[in-house]
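I have placed the structure first, in the form of structure tokens, so that the comments after it can refer back to it.
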Amino acid sequence: MKKIYFILPILAGILFGSCGIFVRFLTQNGMDNTTLLFTRFSISIIIMLIFILATDKNLLRIKSDELKIIIIAAINILALNLCYNVSTNTVPLSLAAVLLSLAPVFVIIFAYIAFRERITSKKIISMLLIIIGCSLTTGLLEGNVFNIGWIGILAGIGTAFFWANYNVASKKIIRDGTSTHTLLFYAIIIMTIILIPFTNFNQITIFINMNTGTNIIFLIFNALLTFILPYVLLTESLNYIDAGSVAILTAGTEPLAALFFGIALYDEIPTMLIFIGIVLTIIAITILSKEEYKT
């Protein structure tokens, strides 16, 4: 029966991999980056609040000394989403997802600095494989990197950097017993408030008026499928599966899902070297996850 829960992190990876579809559609329909994120996060507040009230109202409780970490986490989630949106709009979806896989490299470095966590030989090998895999995926060895554009690549690296910052920042508060749902809920509120001055509400109105019912549902699904549901699935899966397996399944599925969506919807056909780069990156993440979470 336990095996059925392995589908949860796989579904989370697929949903994370679909993020670029929503970003591209909303961008093509006249919504800028910050406005897009405002719609995602503001709707997510409502969904998360309903979820918390339905499951455990105690998740709304927060200690005053946790606020600083939550603000730091919120800033990093906001920054990584801004970078990821730029990346998915300017490079193939599979490349945007693979560049996010650089996050463990930054995590290892930041964790060493912040917590003095040991850097083992397996971690070093994994870091090298990830860097090589990402280099192949950018088309560097084939001379295609200039056709893709450095803005998208740098934004993808920025996504990984800020994801790693969030990972390390949230690690302490979670270790102290705060639920990831609590951290995420209050981080979403902070991000939404930050985005208000930069949001073009006229763009939201125009988009909704194009096809009111359908577009409202689309915005709800954008928040639900690319943000809330993946995190809930990951958290739920940790109740039944070890953290290493969850990390491997999610990180391995996301770039493959993004690759599939890119091929199916945008004719983004990878070359053999790019495909090898994706596989190398997934192998490296698998090795790293086993090392990170072994008991």
Side-chain angles (χ1 to χ4, degrees), residues 15-51 70-93 95-97 99-100 149-163 165-166 183-232 254 258 261-262 265-266 268:
L15 292 174
F16 279 132
S18 72
C19 181
I21 300 172
F22 291 88
V23 171
R24 288 185 178 183
F25 181 82
L26 290 171
T27 302
Q28 290 165 4
N29 281 275
M31 200 173 288
D32 63 42
N33 202 351
T34 51
T35 303
L36 189 159
L37 288 180
F38 176 82
T39 61
R40 181 186 296 169
F41 294 145
S42 58
I43 294 171
S44 294
I45 291 174
I46 300 171
I47 297 173
M48 276 293 290
L49 181 60
I50 293 172
F51 173 79
I70 290 176
I71 292 173
I72 294 172
I75 291 172
N76 281 287
I77 294 175
L78 178 57
L80 76 88
N81 274 271
L82 287 168
C83 288
Y84 192 68
N85 286 0
V86 171
S87 184
T88 54
N89 269 322
T90 52
V91 301
L93 295 184
L95 174 55
L99 288 173
L100 179 55
W150 282 102
I151 292 177
I153 294 174
L154 290 174
I157 295 172
T159 305
F161 176 83
F162 289 114
W163 175 258
N165 270 332
Y166 164 71
L183 170 63
L184 193 60
F185 177 68
Y186 286 104
I188 295 170
I189 293 175
I190 293 169
M191 289 186 289
T192 303
I193 294 171
I194 292 173
L195 284 169
I196 289 175
F198 308 100
T199 299
N200 188 327
F201 291 96
N202 188 48
Q203 291 179 359
I204 301 173
T205 302
I206 292 172
F207 177 75
I208 292 175
N209 288 339
M210 288 179 186
N211 192 335
T212 304
T214 301
N215 285 355
I216 288 176
I217 292 173
F218 185 87
L219 291 175
I220 293 172
F221 272 94
N222 177 39
L224 182 64
L225 298 182
T226 68
F227 193 74
I228 297 298
L229 193 54
Y231 280 101
V232 172
E254 182 178 353
F261 292 133
L265 300 177
Y266 306 107
E268 296 174 352

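Given the structure is predicted, the values throughout are model-derived calculations rather than measurements. Only this structure's heavy atoms are used, side chains among them; waters, hydrogens and symmetry mates stay out.
- Taking every heavy atom of both residues into account, Val91 and Ile153 meet most closely at CG1-N, 4.0 Å.
- Remark: the backbone N or O of Tyr84 is not paired with any side-chain donor or acceptor of Ser87 at under 3.5 angstrom.
- Annotation: the span from Leu78 atom CG to Asn76 atom CG amounts to 9.5 Å, rounded to 0.5 Å.
- Residues Asn165 and Leu80 have side chains not in contact (no heavy-atom distance under 4.5 Å, counting atoms from C-beta outward).
- For the atom pair CG (Leu93) and CZ (Phe261), the distance works out to 9.0 Å, reported to the nearest 0.5 Å.
- A ring-centre distance under 6.0 Å is not found for Phe162 and Tyr166.
- The CZ atom of Phe16 lies 11.5 Å from the CG atom of Leu225; values are rounded to the nearest 0.5 Å.
- With respect to Thr35, the side chain to side chain contact (heavy atoms under 4.5 Å, CB included) criterion is satisfied by exactly one of Asn202, Leu195, Leu26, Thr199: Thr199.
- Between the side chain of Thr88 and the main chain of Gly20, no donor-acceptor pair closer than 3.5 Å is present.
- Residues Gly152 and Thr90 approach most closely at CA-OG1, 3.0 Å, considering heavy atoms.
- The shortest side-chain heavy-atom distance between Ile77 and Leu184 falls under the 4.5 Å cut-off.
- Using a distance-only test at 3.5 Å, with no hydrogens or angles considered, no donor-acceptor pair links the side chain of Glu254 to the main chain of Ala97.
- If you run side chain to side chain contact (heavy atoms under 4.5 Å, CB included) between Val86 and each of Asn33, Asn81, Thr27, Val23, only Asn33 comes through.
- Taking the six-membered ring for Trp, Phe227 and Phe41 have ring centres closer than 6.0 Å.
- Taking the six-membered ring where the residue is Trp, the centroids of Phe201 and Phe38 are separated by under 6.0 Å.
- Scanning both residues, Phe198 and Thr34, for their nearest heavy atoms gives O-OG1, 2.8 Å.
- Side-chain contact between Arg40 and Asn85 is present, with heavy atoms from C-beta onward closer than 4.5 Å.
- When all heavy atoms are compared, the tightest approach of Gln203 to Met31 is OE1-CA, 3.5 Å.
- No side-chain donor-acceptor contact under 3.5 Å links Asn222 to the backbone of Phe218.
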